[in-house]
Amino acid sequence: MSDSLAVNEETQVRVSDIPAVNTVLNAPELAPLLDQYGRTRVTAVLRAHLDALRQQALQGQLTRSSLSVAAMRDELAGLLAADSHSRVRRVFNLTGTVLHTNLGRALLPDEAVQAVMQAMTSPVNLEFNLDTGRRGDRDDLIEDLICELTGAEAATVVNNNAAAVLLMLNALANRREAIVSRGELVEIGGAFRIPDIMKRAGTRLVEVGTTNRTHPHDYEDAIGARTAMLMKVHCSNYEVRGFTRSVDVREVAQIAHRHGVPATVDLGSGTLVDMTQWGLPPEDTVRETIEQGADLVTFSGDKLLGGPQAGLLVGRRDLISKIKRNPLKRALRVGKLTLAALEAVLQLYRAPEFLVERLTTLRLLTRSQAHIRQHTLHALYAVQQALGADYDVQAVPMFSQIGSGAMPVDVLPSFGLRVTYQGGGRSGRHLQALQASFRGLPRPVIGRVADDAFWLDFRCLEPNQLEEFVTQLTAMTR
Ligand SMILES: *Cc1c(COP(=O)(O)O)cnc(C)c1O
């Protein structure tokens, strides 16, 4: 009998050697796991593990050492821990896109976090009028604040801007027509297309003009008995350049009003303050849009506004009333957490002189290149150390984007790291692997691969996060 066969006979085990579920569960070694995860979870994971052991035994690959209670406990501890990771995880957004839809858009300021915490853990006057003791309307909590900041007569809030547009169309243009320029039939990432939303809202889309040119008479000529509104849509993620003509809000509103129909504007991002005071590109504010004659304006809560996911509708009181009476409003309404966060953010706008420090989105958008450079240099050495000689790491100027369709063409001077592969040959595969390694860190780092390099834009790495970023690099596996 050969040696190896002798070893096999000694260590190989049969299916019948595998202990029963309860035998393992009742072993004292398992008690800490039962305390931490509960009997239900541990039993489920244990059953799956024992099944796997049975398969191994059938293939003659199971060794006796796997059957010790200590081995089982360690295996289960590992499986349970891996399975208990929070699915919603914190990441570092070094993509260079500040309002990154896939990474959750705007980050909430502390004031909003506190407000959400309160609303989560305590009953609140969500729909309860504290003056009268009667039932209230959740919109009442922040309607006056929105009106103060936008100059609108009335306002309401729903789940996001897509919902705001859907609700507006259904409430004001169901089985009637909305006139939109062909240059504004946008698709926003994640399957929001104006023509599709119109269809779902029961609104017939009447396209006017051409992709690059629309004239006032195009709107004028299209107005008929079934016209419910003239609608303008912000070209959030593209720009039409060259031989172009579009009709601005003021003119569209004048045409609409001459014919007794409202002019509505889907502003997309929508800002409440003039961003040029902080060196950001110009963008019409909600207030200006209303002043130009828009009867109703919709915009997002978590784009440039810097708040929670929400859709705001502001404008004429009679139109807002009609919208609030629509049954879809009930289906699309926001919860108390959103309202709490939105109120806190809107309160910040009442003190615009502090906004740039307190509103996280604005703080990130306005960081100076010199400031970002300084922090990039702090991390340069650690990143080079973590990557070894196969990669060259350079601190270089780069451009960030605002993101989420806000100011699509404008870019912000930034700073960060450019990593290139030094191993020769084609670098694409190596850069993809490197990108995956960064994603595999305890707090995943999201960068981007472009132009034969892996790029990490440091704009959204705030100074107080630098240490965590650097420290976890030792966990890098390549
Ligand atoms: C972003 C955007 C939307 C969708 O807003 P969400 O808040 O993401 O639902 C709709 N219209 C325009 C013009 C946009 O820019």
Side-chain angles (χ1 to χ4, degrees), residues 97-108 146 155-170 172-173 178 180-201 203 205 207 214 229-240 246 248-249 252 263-272 275 281-286 288-289 294 296-315 323 328-329 331-335 337-339 341-342 345-346 361 401-410:
T97 300
V98 178
L99 295 167
H100 199 301
T101 297
N102 304 144
L103 301 181
R105 289 196 189 156
L107 304 178
L108 292 182
I146 301 174
T156 183
V157 184
V158 289
N159 182 56
N160 54 23
N161 188 35
V165 173
L166 175 71
L167 177 60
M168 171 186 82
L169 290 168
N170 185 258
L172 306 181
V180 187
S181 160
R182 289 199 171 87
E184 298 174 5
L185 295 174
V186 308
E187 172 180 314
I188 314 289
F192 175 87
R193 289 170 158 200
I194 290 291
D196 296 343
I197 287 277
M198 290 241 172
K199 208 171 286 168
R200 291 286 163 171
T203 304
L205 166 65
E207 304 174 19
T214 302
M229 67 173 68
L230 268 51
M231 180 178 177
K232 274 191 70 73
V233 183
H234 190 279
C235 299
S236 292
N237 44 15
Y238 66 102
E239 194 177 82
V240 186
S246 68
D248 63 20
V249 173
V252 169
T264 66
V265 180
D266 172 13
L267 210 46
S269 196
T271 66
L272 297 180
M275 296 268 167
E283 180 92 354
D284 277 351
T285 64
V286 178
E288 283 163 350
T289 308
L296 204 59
V297 181
T298 69
F299 55 103
S300 289
D302 57 353
K303 292 184 180 174
L304 277 177
L305 184 69
Q309 179 188 304
L312 288 81
L313 297 111
V314 305
I323 283 168
L328 271 181
K329 168 65 168 64
L332 302 174
R333 76 181 184 190
V334 290
L337 305 186
T338 301
L339 278 173
L342 186 58
V345 168
L346 293 175
T361 299
Q401 301 187 3
I402 295 169
S404 281
M407 309 168 179
V409 187
D410 298 290

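As the structure lists them, so they are numbered: ligands from 1, and atoms in each ligand from 1. A quick note: this is a predicted structure, and the numbers were derived from the prediction, not measured. Below, each value reflects all heavy atoms present in this structure, side chains not excepted, and no hydrogens, waters or symmetry copies.
Note that the CG atom of D266 and the CD1 atom of I194 stand 5.0 Å from one another [nearest 0.5 Å].
Annotation: side-chain contact (heavy atoms from CB on, under 4.5 Å) contacts of V334 (sequence neighbours excluded): V157, T338, L339. Listed by chain and residue number, nothing satisfies the side-chain hydrogen bond (donor to acceptor under 3.5 Å, both in side chains) test with T203 (two or more places apart in sequence, or in another chain).
Within a 6.0 Å radius of CZ in R182, other residues, nucleotides and ligands contribute more than 12 heavy atoms.
In the vicinity of A162, heavy-atom distances shorter than 4.0 Å reach the ligand 1 atoms 4 (C), 5 (O), 6 (P), 9 (O). Close approach of ligand 1 to F192 (heavy-atom distance below 4.0 Å) involves ligand atoms 10 (C), 11 (N). For ligand 1 and R105, the ligand atoms under 4.0 Å from any heavy atom of the residue are 6 (P), 7 (O), 8 (O). Atoms of ligand 1 found under 4.0 Å from any heavy atom of D266, numbered from 1 in the order shown, are 10 (C), 11 (N), 12 (C), 13 (C). Which parts of ligand 1 touch H234 is read off a 4.0 Å heavy-atom cut-off, strictly below it: atoms 13 (C).
Only side-chain heavy atoms of K303 come within less than 4.0 Å of ligand 1; its backbone N, CA, C and O stay farther off. Neither the backbone nor the side chain of E187 comes within contact range of ligand 1; no heavy atom lies under 4.0 Å.
Ligand 1 is never approached by K232 to a heavy-atom distance shorter than 4.0 Å.
In terms of heavy-atom proximity, M198 sits nearest to A178 at CE-CB, 3.8 Å.
Closest heavy-atom approach to atom 6 (P) of ligand 1 within the set A310, S269, A163, S300: this belongs to S300.
A 4.5 Å side-chain heavy-atom check between I402 and V98 finds every atom pair outside the cut-off.
In summary, of the residues considered (D302, T97, T361), a side-chain hydrogen bond (donor to acceptor under 3.5 Å, both in side chains) with R105 occurs for D302 alone.
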